[in-house]
Novice: 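Sharing a structure here in structure tokens format.
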Amino acid sequence: MIKITFPDGSEREYEAGVSGLDIAKSISSRLAKEVLACSVNDEVWDIARPIDCDASIKLYKWEDAEGKHAFWHTSAHLLAEALQELYPGVQFGIGPAIEQGFYYDIDPGDAVIKEGDLAKIEKKMLELASMKSELKRENISKEDALKLFGERGETYKCELIEELEDGQITTYTQGNFTDLCKGPHLPSTSPIKAIKLTSVAGAYWRGQEDRKMLTRIYGVSFPKKKMLDEYVVLMEEAKKRDHRKIGKELELFAFSERVGKGLPLWLPKGTALRLRLEDFLKRIQKRFGYDQVMSPHIGNKELYVTSGHYAKYGKDSFQPIHTPEENEEYLLKPMNCPHHCEMYAIKPRSYKDLPIRMAEFGTVYRYEQSGELHGLTRVRSFTQDDAHIFCTPDQVKDEFLAVMDIIFIIFNALDFANFEAQISLRDPNNREKYIGSDENWEKAERAIVEACKEKGLNARVETGEAAFYGPKLDFMVKDALGRRWQLGTIQVDYNLPERFNLEYTGTDNEKHRPVMIHRAPFGSMERFIAVLIEHTMGKFPLWLTPDQVAILPISEKYNDYAHEVARELDAVYEVRAIVDDRNEKIGRKIRDNEMKHIPYMLIVGEKEAENGEVAVRKQGEGDQGVLKVAAFGEKVAEEVRSMINKW
RNA sequence: GCUGUUAUAGCUCAGCGGUAGAGCACUUCCUUGGUAAGGAAGAGGUCCCCGGUUCAAGUCCGGGUAACAGCUCCA
């Protein structure tokens, strides 16, 4: 007998060799039906795998990430089995479960698998699933594994096996398909009832650009047909939030092939919104002791040679601008830091001057790979809400903490609750990739980790993800489709001050090197607004939204009154109002303006015009009763004030 | 940059070898209305660009360009 401990601490005895599934059965038949995976001593296992010794166990169902993971991992194997039948000779790469489904990377040889083939593969998968094949787990020696997969000509699998340790190698087999895999898996393919293969794309073998591009097939699967239908609806809903679609509908921004790809055009309403966001940050920065500066959009090539950026990115950037002078070259600025370093260097600095905080909404130009461009989230011309803090090494941590405060103020003001924080450290095994001394790197990395701890920020630590000049803390937010985008960033830099030979005189009357902190709470105006659009679906907060009020005259007879009200709201209360003076019925005007997500609608007709009143309607909530124009203006102004005063 | 997909009216899309279509938006007229689509008429297209096949090409083929999904990259 062995002792099994459950998550609530309770214990039960079972015969040795009992499986997770057996244990579930002993609890309830319903649980046995639903359980998909289990963890045994905190290691995720197949529910069919026998347990031989005392263990603590957790059972995972569809609702648990581990349960879904096993389900989708098995689905990936099912996909591979289908491909093996449909495309004899296909070679397999890897086929894992991912956040939302699974994929399999394959090399189909001479065959080409296109999107049009997915339906056929889906059908084959369902056919195979209905055979309810068991998945059999087997330990295999390295030698046997190499022989087995070698005979099948599976060069990718053999490459993986070569890197595994003998004794640690397992295979899973269902039907005629055997895969190198460490699991865990479902006991059989039978729970897989609904499958959708979502896309086919190229993916480099092992994620390395210089290796072969395999064909990757993505899919999702579910235990119930209804869940797939719900998923499809959810994806369609998510697409409606797409900032590219909403940005076009609300006329916030546009792209023009003639202007150039990746070069956004900010339309009046988008510009108004963006400027308001910039003012919001400027206000906060003023409070935190920042000075606003401005620098040109180009800089002499020598500036970037000095900064080191030219050596690293010169070839992949917009190429130099030539002047009538021979040998004179300028670059579109790819970042603002070197300009700010030169501003620091205009005169001798004392420790009494520090910290110096220079902020600039600086537009930069980066020649991003064409395949990387994506709406407003990845563009070739964008504006960073940039600032550089020059401080003494002792001030780094406090400055870092203050920047984190600014970021939290912004995220709170705009309801970005679900952000993730990531600390990016250098790869200690690849030090030549980075500029700067070991000592400085360690100092900087420690400051970041400590600052996060002090703020109680649960940040994921990634080694090897640092910028070449220093470690950083990034804030990531997901878009409508679950893709992660980096927004706010704080980066410590011991390198540029060195390269620009920046100094300050200390209390000891000696010259010292200041530390530089780069930071951008929004990241870029473009990307931030893109994510904001997807989060709000275009229903921006009252203080930010381009049009706060739409005035709807009942008939054309009241157009003059409507315009009068609009003028008064603007002039007296700084409330932004538009007038819908089309020759349409009131029901129509309400519908159209509701769909534009304008927070307030004012309906004005005979009664209102006579009494200097407006009939108020709130977006999504309907009729709110009648108010005097002044009372309404004051109400909206107050609502905006109360939002702004919170920051 | 790489793999795959797409490109028809301002927008969303149908048409897929034989004279370019729908809904919405737009213009004009009728209507002057009270809380989520009033009616009628009209205008609007280099079917992304360049080549090729064909008696005939939005439609088939090749090459560009741009967008979309993913990979790689992201100072």
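Proteins get letters first, then strands, A, B, ... in listed order; numbering begins at 1 in each.
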Novice: Does a side-chain N or O of A:Arg244 approach OP1 or OP2 of B:C68 to a distance below 4.0 Å, or not?
Specialist: yes
Novice: Please state whether the base of B:G1 and the side chain of A:Glu368 form at least one donor-acceptor pair under 3.5 Å?
Specialist: no
Novice: Can you tell me which nucleotide in B:A36, B:A75, B:G1 comes closest to the side chain of A:Glu209?
Specialist: B:G1
Novice: Check every strand shown and say whether A:Gly587 touches a base, only sugar-phosphate, or nothing at a heavy-atom separation below 4.0 Å.
Specialist: sugar-phosphate
Novice: Paired with B:G17 by Watson-Crick or G-U wobble geometry, both distances under 3.5 Å: which nucleotide is it?
Specialist: none
Novice: Send over the distance from A:Leu265 CG to B:A67 P, rounded to a whole Å.
Specialist: 12 Å
Novice: Go through B:U35, B:U5, B:A75 for me and flag the one nearest to the A:Ala615 side chain.
Specialist: B:U35
Novice: What orientation do A:His73 and A:His77 show, parallel under 30°, tilted 30 to 60°, or perpendicular over 60°?
Specialist: perpendicular
Novice: With a 4.0 Å limit, can you tell me whether A:Tyr313 has a side-chain N or O closer than that to the phosphate oxygens OP1/OP2 of B:A75?
Specialist: yes
Novice: Can you identify which nucleotide, out of B:C71, B:G4, B:U12, has its nearest atom closest to the A:Tyr204 side chain?
Specialist: B:C71
Novice: For B:G4, which nucleotide is its Watson-Crick or G-U wobble mate, given both distances must be under 3.5 Å?
Specialist: B:C68
Novice: Could you check how far CZ of A:Arg378 sits from P of B:G1, rounded to whole Å?
Specialist: 13 Å
Novice: Does anything in residues 596-607 of chain A reach RNA chain B, meaning a heavy atom under 4.0 Å, and if so which residues?
Specialist: A:Ile603, A:Gly605, A:Glu606, A:Lys607
Novice: Side chain of A:Pro334, heavy atoms from C-beta onward: which of B:A75, B:G1, B:G4 has the nearest atom to it?
Specialist: B:A75
Novice: Look at atom CG of A:Asp110 and say whether more than 12 heavy atoms of other residues, nucleotides or ligands are closer to it than 6.0 Å.
Specialist: no
Novice: Would you call the rings of A:Tyr434 and A:Trp441 parallel, tilted or perpendicular if under 30° counts as parallel and over 60° as perpendicular?
Specialist: perpendicular
Novice: Give A:Gln619 one of three labels, base, sugar-phosphate or nothing, depending on what nucleic acid heavy atoms sit under 4.0 Å from its own.
Specialist: nothing
Novice: Under 4.0 Å between a side-chain N/O of A:His374 and OP1 or OP2 of B:A69, yes or no?
Specialist: yes
Novice: Would A:Tyr469 and A:His518 count as a close aromatic pair, with their ring centres under 6.0 Å?
Specialist: yes
Novice: Considering only side-chain heavy atoms of A:Glu594, which listed nucleotide, B:A36, B:G33, B:G38, is closest?
Specialist: B:A36
Novice: Measure up the A:Phe632 and A:Tyr600 rings against each other and bin them: parallel (under 30°), tilted (30 to 60°), perpendicular (over 60°).
Specialist: perpendicular
Novice: Counting only heavy atoms not in A:Lys628, do more than 12 sit closer than 6.0 Å to its NZ atom?
Specialist: yes
Novice: Would A:Arg216 and A:Tyr218 count as having a side-chain donor-acceptor pair, cut-off 3.5 Å?
Specialist: yes
Novice: Within the 4.0 Å heavy-atom criterion, would you say A:Glu584 contacts the bases, only the backbone, or no part of the nucleic acid?
Specialist: base
Novice: What's A:Tyr218 touching, base or sugar-phosphate or nothing? Going by heavy atoms closer than 4.0 Å.
Specialist: sugar-phosphate
Novice: Respond yes when some side-chain nitrogen or oxygen of A:Ser199 is under 4.0 Å from OP1 or OP2 of B:G70, and no when none is.
Specialist: no
Novice: By nearest heavy atom, map A:Arg380 and A:Gly116 onto RNA chain B; which one lands nearer the 5' end?
Specialist: A:Arg380
Novice: Just to be sure I understand the rule, does A:Ser317 reach a base, reach only the sugar-phosphate, or reach nothing, if contact means heavy atoms closer than 4.0 Å?
Specialist: base
Novice: What's A:Tyr103 touching, base or sugar-phosphate or nothing? Going by heavy atoms closer than 4.0 Å.
Specialist: nothing
Novice: In terms of the nearest nucleotide of RNA chain B, which residue is placed more toward the 5' end: A:Gly622 or A:Lys261?
Specialist: A:Gly622
Novice: Counting heavy atoms from C-beta on, name the nucleotide in B:U32, B:A75, B:G70 closest to the side chain of A:Ala201.
Specialist: B:G70
Novice: Across the strands shown, which category fits A:Asn583 at heavy-atom distances under 4.0 angstrom: base, sugar-phosphate, nothing?
Specialist: base
Novice: Could you please name the option among B:U32, B:A66, B:C74 that lies closest to any side-chain atom of A:Glu257?
Specialist: B:A66
Novice: Across the strands shown, which category fits A:Arg216 at heavy-atom distances under 4.0 angstrom: base, sugar-phosphate, nothing?
Specialist: sugar-phosphate
Novice: Does A:Ile554 reach a base, just sugar-phosphate, or nothing at all? Heavy atoms under 4.0 Å.
Specialist: base
Novice: Once you measure the plane-to-plane angle for A:Phe528 and A:Phe522, does it fall in the parallel (<30°), tilted (30-60°) or perpendicular (>60°) bin?
Specialist: tilted
Novice: Please check the phosphate of B:U5 (OP1 and OP2 only) for any side-chain N or O of A:Lys114 closer than 4.0 Å.
Specialist: yes
Novice: With syn defined as a glycosidic angle within 90° of 0 and anti as the rest, where does B:G10 land?
Specialist: anti
Novice: Ring-plane angle category for A:Tyr231 and A:Phe222, please: parallel below 30°, perpendicular beyond 60°, tilted otherwise.
Specialist: tilted
Novice: Report yes if a donor N or O on one partner sits less than 3.5 Å from an acceptor N or O on the other, where the partners are the side chain of A:Glu115 and the base of B:U5; otherwise report no.
Specialist: no
Novice: Describe the nucleic acid contact of A:His518 in one word from base, sugar-phosphate, nothing, applying a heavy-atom distance below 4.0 Å.
Specialist: nothing
Novice: Name the nucleic acid region contacted by A:Arg483, choosing base, sugar-phosphate or nothing; use a 4.0 angstrom heavy-atom cut-off, strictly under.
Specialist: sugar-phosphate
Novice: Are the aromatic ring centres of A:Tyr104 and A:Phe92 under 6.0 angstrom apart?
Specialist: yes
Novice: If you check every side-chain atom of A:Lys585, which of B:G1, B:G33, B:U35 has the closest atom?
Specialist: B:G33
Novice: In whole angstroms, how far is the P atom of B:G33 from the CG atom of A:Asn559?
Specialist: 13 Å
